[in-house]
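All figures in this text were calculated on a predicted structure; none of them were measured in a lab.
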Amino acid sequence: MKNSRLVSLPSLREAARRNPDTVLPRERAEIRPTAFLVSWGQEKLFCIRTYGCQANVRDSEILRLFLLQLGMKETEDVSNADFILFNTCAIRENAENHLYGELGRIKASVLKNKAFVAVCGCVMQEEKPVQYLLEHFSFVSLLFGTNNIERFYDLLERALKGRGTYVDIQSQPSSLVELSSRGKEGRLSPYSAFVDITYGCDNFCTYCIVPYTRGRERSRAMEDIVAEVQCLKDNGYRQVTLLGQNVDSYGLDKDNKHAFAELLEKVAKTGIDRIRFTTPYPSDFNAQVFDVMAKYDNIMPSLHLPMQSGSDAILKRMNRRYTRAEFLDIVKLLRTKIPDVFLTTDIIVAFPGETEEDFQKTLSLVKECQFDGAFTFLFSPRPGTPASRMEDKTSAKEKHDRFDRLKNLVDKLSTKSARKMVGTRVKVLFEEVSKKDESMISGYDEHGKLVHVKGDKDLLGRIEEVDILESHTYSLIGKIHGQG
């Protein structure tokens, strides 16, 4: 650490502070590199490794654009790169350990090639990982977090002009910056795009690190979001996914409880082919959102609605602001408004204090909701969260037994849902050549199901009708309608 230049270190305590009377200034910025950075970057190769959620992917796209504007070129080969960036995720501990493993593996090539290594993202918002990196990976040249990505050029230049590791990690955002480049530039896909509508989170579920790593919740201006979607549509994009840690609280920081429904409708009116959004929070939903979803055909009939537990006692310990009955009412209302909705969820197993009775309530709620799919997780304590300090008496054997029982139920429901698709006709947006078979082209139907068909690259970027022939539970096999 003695060679480090510490401008600002992360503080989870500082990150947890919320003052509802504080209004963050809003800025518009056209980020341009200096002559020094352009000269440095010309013809160099960069490689970005991204871990975590769609928000991390979108952050990496913005950073990718910054690097491309320096005249750099992208490579997948870390050992051949002049600049390597790791964009990290803090939701699970294994992601943190994966980062350390990757840094260890590239150390020899980095030292040989004198490559510049930077680490950013959610893990950098935690004190201990930053200290660990500074102590064990001195070849890393730059550390920054989630709250100052728009200052990347300044951070990079300062790191290049000095020695040791340059560290500038802000625990709280100081403003909401609207970047001028919000079109197709830097995007990883030419057909489907992520669009941020909010940043941060104020929910403070007791198990979740996100409110600490991504700061207070703040909403982008509605006109900027709609303009970005329109720009994407004009550039040939077929689909947008609206992103936020809690999309249905969009606008609540501006005292507009119906803002998300209003935004969703305005985005639908752009006429872009497909609209998705993630992730909603159950108790912030209102019927107006479901009405908008039902009204517009270009809003896809799929929803990921995190349940987390079926026990009121555990939901309360999680600081989830709804009960089992309220969650079920939301699901029933959703299915009344949108009968063909494809519904998925998140469930945490073995949260501290969970009894067998609590777990049985989770199983029964999963059966009542008849989810089409679910992401199931064993509780993973994250340092700094209230849940990490809760007493946990459940044995490892019992935890894994519960997880297996839940997974078996989820797999049965997913298989049942997928088999219903055989013999139906769906519309698929084709986005990539199958990683397992180059003769197969892959895409997603209206419900978010992965579909593979025999075809060539001419299908990419097109939306075609597909007859479903086979179900493989988590993917479907079909053929283009009308083809032999």
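- Residues Tyr207 and Arg320 bring a donor and an acceptor atom of their side chains to less than 3.5 Å of each other.
- Screening Arg238, Lys233, Gln239 for a side chain to side chain donor-acceptor pair (under 3.5 Å) with Asp273, the sole residue that qualifies is Arg238.
- A donor-acceptor distance shorter than 3.5 angstrom exists from the side chain of Asn298 to the backbone of Ala268, with no hydrogens or angles considered.
- Heavy atoms from other residues, nucleotides or ligands lying under 6.0 Å from CG of Asp346 number more than 12.
- Between the side chains of Lys449 and Ser475, not a single donor N or O lies within less than 3.5 Å of an accepting N or O.
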For this session: Start with the C-alpha gap between Glu178 and Arg26, add the side-chain angles, then the distance that decides, and say whether salt bridge (Lys or Arg N to Asp or Glu O under 4.0 Å) holds.
Result: CA-CA 7 Å; Glu178 184 66 39; Arg26 296 173 183 273; over 6 Å; no
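- Between the side chains of Arg324 and Ser364, at least one donor N or O sits under 3.5 Å from an acceptor N or O.
- Between Lys266 and Glu223 no salt bridge is recorded (no basic side-chain N to carboxylate O distance below 4.0 Å).
- In this pair, Tyr322 and Tyr281 present their aromatic rings perpendicular. The plane angle is above 60°, beyond the 30 to 60° band.
- Put simply, the side chain of Leu70 reaches to within 4.5 Å of the side chain of Tyr153, judged on heavy atoms.
- Within a 6.0 Å radius of NZ in Lys44, other residues, nucleotides and ligands contribute more than 12 heavy atoms.
- Ser471 places no side-chain N or O within donor-acceptor distance of the main-chain N or O of Val422, the cut-off being under 3.5 Å.
- Salt bridge annotation for Lys479-Glu465: absent, with no cationic side-chain nitrogen under 4.0 angstrom from a carboxylate oxygen.
- The main-chain N or O of Ser189 is found under 3.5 Å from a side-chain atom of Tyr237 such that the two form a donor-acceptor pair.
- Here the side chain of Gln125 pairs a donor or acceptor atom with the backbone of Gln170 at under 3.5 angstrom.
- Legend: residues meeting side chain to side chain donor-acceptor pair (under 3.5 Å) with Asn235, ordered by chain and number and at least two apart, are absent.
- Phe430 and Tyr444 have their aromatic ring centers separated by at least 6.0 angstrom.
- Comment: Asp291 engages Lys337 in a salt bridge, judged by a side-chain N to carboxylate O separation of less than 4.0 angstrom.
- Applying the salt bridge (charged side-chain N to carboxylate O under 4.0 Å, His left out) criterion to Glu61, with sequence neighbours excluded, gives Arg58, Arg187.
- Taking the six-membered ring where the residue is Trp, the centroids of Phe260 and Phe277 are separated by under 6.0 Å.
- Every ring-ring contact (aromatic ring centres under 6.0 Å, His included) that Tyr51 has, sequence neighbours left out, goes to His98.
- If you check the side chains of His304 and Thr278, you find no donor sitting under 3.5 Å from an acceptor.
- The shortest side-chain heavy-atom distance between Met421 and Asp445 falls under the 4.5 Å cut-off.
- Using modelled atom types, no side-chain atom of Ser175 and backbone atom of Val177 make a donor-acceptor pair closer than 3.5 Å.
- At a threshold of 4.0 Å, the pair Arg49-Glu76 counts as salt-bridged, since one of the basic side-chain nitrogens sits closer than that to a carboxylate oxygen.
- Between His447 and Pro301, some side-chain heavy-atom pair lies under the 4.5 Å cut-off.
- Side-chain atoms of His452 and Ser442 form a donor-acceptor pair, as typed in the model, at a separation below 3.5 Å.
- Between Asp154 and Arg151 there is a salt bridge, since a side-chain N of the basic residue sits under 4.0 Å from a carboxylate O of the acidic one.
- Atom CZ of Phe375 is surrounded by 12 or fewer heavy atoms from other residues, nucleotides or ligands within 6.0 Å.
- Arg321 has a carboxylate O that lies under 4.0 Å from a charged side-chain N of Asp284, or vice versa, which qualifies the two as a salt bridge.
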For this session: Kindly determine whether Gln245 and Tyr199 satisfy side-chain hydrogen bond (donor to acceptor under 3.5 Å, both in side chains), including the steps that lead there.
Result: CA-CA 7 Å; Gln245 298 300 324; Tyr199 306 102; over 6 Å; no
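- Checked against side chain to side chain donor-acceptor pair (under 3.5 Å), Asp196 has no partners two or more places apart in sequence or in another chain.
- In this structure, the side chain of Asn56 does not engage the main chain of Asp59 through any donor-acceptor pair within 3.5 Å.
- By the 30° and 60° cut-offs, the orientation of the rings of Phe351 relative to Phe379 is perpendicular.
- Salt bridge annotation for Arg425-Asp467: present, with a cationic side-chain nitrogen under 4.0 angstrom from a carboxylate oxygen.
- With salt bridges taken as basic N to acidic carboxylate O contacts below 4.0 Å, one links Lys295 and Glu265.
- In the model, Gln54 has no side-chain atom that pairs as donor or acceptor with a side-chain atom of Thr241 under 3.5 Å.
- For Phe144, the ring-ring contact (aromatic ring centres under 6.0 Å, His included) test picks out Phe152, with sequence neighbours left out.
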For this session: Might you work through the salt bridge (Lys or Arg N to Asp or Glu O under 4.0 Å) test for Glu217 and Arg18, ending with a clear yes or no?
Result: CA-CA 10 Å; Glu217 188 172 287; Arg18 296 290 189 274; over 6 Å; no
For this session: Take Phe403 and Phe377 through the ring pair (Phe, Tyr, Trp, His ring centres under 6.0 Å) test and state the conclusion after the steps.
Result: CA-CA 8 Å; Phe403 180 83; Phe377 309 94; 8.5 Å; no
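- Thr344 places no side-chain N or O within 3.5 Å of a backbone atom of Ala374 that could act as its donor or acceptor partner.
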For this session: Take Thr75 and Asp77, measure what side-chain hydrogen bond (donor to acceptor under 3.5 Å, both in side chains) needs, and give me the verdict at the end.
Result: CA-CA 5 Å; Thr75 178; Asp77 185 0; 5.4 Å; no
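- In summary, Lys416 and Asp372 do not engage in a salt bridge, as defined by a charged side-chain N under 4.0 Å from a carboxylate O.
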Problem set entry | Worked check of salt bridge (Lys or Arg N to Asp or Glu O under 4.0 Å) between Lys427 and Glu464 | CA-CA 5 Å; Lys427 292 182 179 179; Glu464 298 286 347; over 6 Å; no
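- For the residue pair Thr415/Thr473, the side-chain donor-acceptor check at 3.5 Å is satisfied.
- Listed for the Thr362 side chain is a donor-acceptor partner under 3.5 Å among the backbone atoms of Gly310.
- Of all heavy-atom pairs between Asn87 and Ser60, the closest is ND2-OG, 2.9 Å.
- Remark: side-chain polar atoms of Thr336 are paired, donor with acceptor, to backbone N or O of Lys332 under 3.5 angstrom.
- Within 6.0 Å of the CD atom in Glu438, the count of heavy atoms belonging to other residues, nucleotides or ligands does not exceed 12.
- At least one donor-acceptor pair under 3.5 Å links the side chain of Arg276 to the backbone N or O of Glu446.
- In terms of the ring-ring contact (aromatic ring centres under 6.0 Å, His included) criterion, Tyr191 has no residue partners (sequence neighbours excluded).
- Inspection of the Thr323 and Asp312 side chains reveals no N or O donor paired with an N or O acceptor under 3.5 Å.
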